[in-house]
Amino acid sequence: MITTRAPGKLYIAGEYAVVEPGHPAVLMAVDRFLTVELTEAEGRGMVHSSRYGRGPLTWVREGESIVVDHSPFDYVTAAIAIMDKLRAERGLAPRYFDLRISSELDDPSGLKFGLGSSGAVTVAIIDALNRFHGLELSTWQRFQLALLATISVSPKASGGDLAASTYGGWICYTAPDRSALLALLEGGSLAEVLDAPEWGICRIAPLGEPAGITMLVGWTGTPASTERLVDRVSRPEAEVSAQYARFLEDSREAVEELVAAWGTDPSAVLAVLRRCRRLLQGLGALRGSTIETAQLGALCDLAEAAGAAGKPSGAGGGDCGIVALPDGADAQEILSRWREVGILPLDLHVNPSETEGA
Ligand code: PMV
């Protein structure tokens, strides 16, 4: 049996802007994992998992339409498909396998926390199939394949979650142009796509530990659909494009300041995170989309009232918010106020290591 596991992630800053090629974001990999067990099978293979198998579809109403969300199973099949393309390209024989998937990235009742479960399942399956077929892929190649699998399901996804899940730790990430990669994928071999110059602007830079701050994480209890939020927010119409361009530049400046202050200046880190919250509020107002829901607003306000900085993490609309607290400040005060308003503190820490396997 081959066992791999991949950590979940949280966005610290730069979300939304990061979907534009070359715009940076900061993320952390967390010490909660999704685990994949792969065993060779006879005749046919199966995916064993309540949530990551052919599980229930979820949908929402949008106007008169019912919109079905991508299911986590779509990422499972995309990861298997890309690895099978690589196997075939390398001239290796097909082999059946069973996958058993278990996850600490979801609430036991089946709700996702927003900790990057789709990214983690993609990364962990690619790692497992790399070992199964003896492909000897580098960490960078596994990240590239995870991104190619992900954008075949969700073309706008930045891949920040995949980078955090593949590399671990605190990272600064900038995405490549995914539409250019998808176009290459249609015409060329995977070997060519993995070596294409289009990857040149993609950066995954480790940041090390932040100085003088502790991160708190709160879950709103409401899962959100990143893809629908990104669809609504990152498609600027002509009249809003100037403000969108301004958002992108402000976000870039904030992330650059954050990276500069990261290991040295906790009060500057807090100031940047407060600014990032305002930038996301502005983006939400610009697009008529609720990034900061009432619960996320309460999570951040309670943190700010206690001298900390809080913001939604990722697409917002539910899921998690993060708080940076100066060392020595009273975390218990914030955590107990959160509980009073129905926000569940998640006990998460950075996961420093690369994707692990045995
Ligand atoms: O909601 P999450 O944690 O999946 O993060 C989404 C982050 C976005 O920047 C909004 C989208 C993306 O693909 O990076």
Side-chain angles (χ1 to χ4, degrees), residues 6-30 32 34 69-70 72 74-75 105-106 111-123 143 146-166 171-179 181-182 202-204 217-220 222-236 244 247-248 251-252 254-255 276-277 279-284 286-287 289-293 295-296 311-322 346 348:
K9 67 86 188 73
L10 285 163
Y11 268 94
I12 307 301
E15 49 274 89
Y16 284 104
V18 71
V19 299
E20 305 295 345
H23 280 268
V26 170
L27 298 98
M28 77 186 268
V30 298
R32 281 200 195 190
L34 182 139
D69 242 358
H70 283 306
D74 296 335
Y75 295 95
L105 305 179
D106 309 291
L111 297 176
K112 71 179 186 71
F113 289 128
L115 293 175
S117 51
S118 308
V121 79
T122 310
V123 166
F143 161 75
L147 184 59
L148 294 173
T150 297
I151 60 177
S152 73
V153 178
S154 179
K156 292 203 177 119
S158 69
D161 52 352
L162 304 167
S165 198
T166 305
I171 57 164
C172 182
Y173 175 75
T174 21
D177 178 345
R178 280 89 69 221
S179 52
L181 291 174
L182 278 175
C202 182
R203 294 260 179 284
I204 304 168
V217 184
W219 183 48
T220 57
T222 326
S225 165
T226 297
E227 203 179 12
R228 276 198 314 281
L229 281 160
V230 170
D231 264 354
R232 287 185 59 166
V233 178
S234 71
R235 199 187 298 134
Y244 182 63
F247 162 77
L248 291 180
S251 177
R252 174 202 295 285
V255 171
C276 289
R277 177 187 179 194
L279 288 176
L280 289 175
Q281 286 171 337
L283 182 69
L286 180 64
R287 300 278 181 256
S289 167
T290 311
I291 297 173
E292 184 175 306
T293 58
Q295 278 293 80
L296 282 169
K311 59 178 282 298
S313 173
D319 288 341
C320 290
I322 51 144
L346 299 181
L348 295 175

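Order of appearance sets the numbers: ligands from 1, and atoms from 1 within every ligand.
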List every atom of ligand 1 that sits less than 4.0 Å from any heavy atom of [X], numbering the atoms from 1 in the order shown and giving each element.
X      : answer
Val19  : 11 (C), 12 (C), 13 (O), 14 (O)
Val18  : 9 (O), 14 (O)
Ala157 : 13 (O)
Ser158 : 12 (C), 13 (O), 14 (O)
Gly314 : 1 (O), 2 (P), 3 (O), 5 (O)

Legend entry - Side chain to side chain, Leu115 and Leu10, heavy atoms closer than 4.5 Å: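 SC-SC contact between Leu115 and Leu10 confirmed.
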Legend entry - Test item: Val26 and Tyr173 side chains (from C-beta on) under 4.5 Å apart, heavy atoms: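 Val26 vs Tyr173: side chains apart.
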Legend entry - By side-chain hydrogen bond (donor to acceptor under 3.5 Å, both in side chains) - contacts of Arg277 (at least two apart):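 side-chain hydrogen bond (donor to acceptor under 3.5 Å, both in side chains) check on Arg277 returns Glu292, Asp301, Glu304.
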Inset, instruction - May I ask you to check if ligand 1 and Ala315 share an N or O to N or O distance below 3.5 Å? - result: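 Among all N and O atoms of Ala315, at least one is under 3.5 Å from an N or O of ligand 1.
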Inset, instruction - Return yes or no for this condition: an N or O of Tyr16 is under 3.5 Å from an N or O of ligand 1. - result: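 Yes, at least one N or O pair falls under 3.5 Å.
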Inset, instruction - Take Tyr11 and Ser158 through the test side-chain hydrogen bond (donor to acceptor under 3.5 Å, both in side chains) and record every step on the way to the result. - result: CA-CA 12 Å; Tyr11 268 94; Ser158 69; 3.1 Å; yes
Legend entry - Check against side chain to side chain contact (heavy atoms under 4.5 Å, CB included), Ile322 and Lys311: CA-CA 6 Å; Ile322 51 144; Lys311 59 178 282 298; 3.9 Å; yes
Legend entry - Derivation of the salt bridge (charged side-chain N to carboxylate O under 4.0 Å, His left out) call for Glu20 and Arg252: CA-CA 11 Å; Glu20 305 295 345; Arg252 174 202 295 285; over 6 Å; no
Inset, instruction - Report the member of Lys156, Glu15, Lys9 with the shortest heavy-atom distance to atom 3 (O) of ligand 1. - result: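 Comparing heavy atoms across Lys156, Glu15, Lys9, the nearest one to atom 3 (O) of ligand 1 lies in Lys9.
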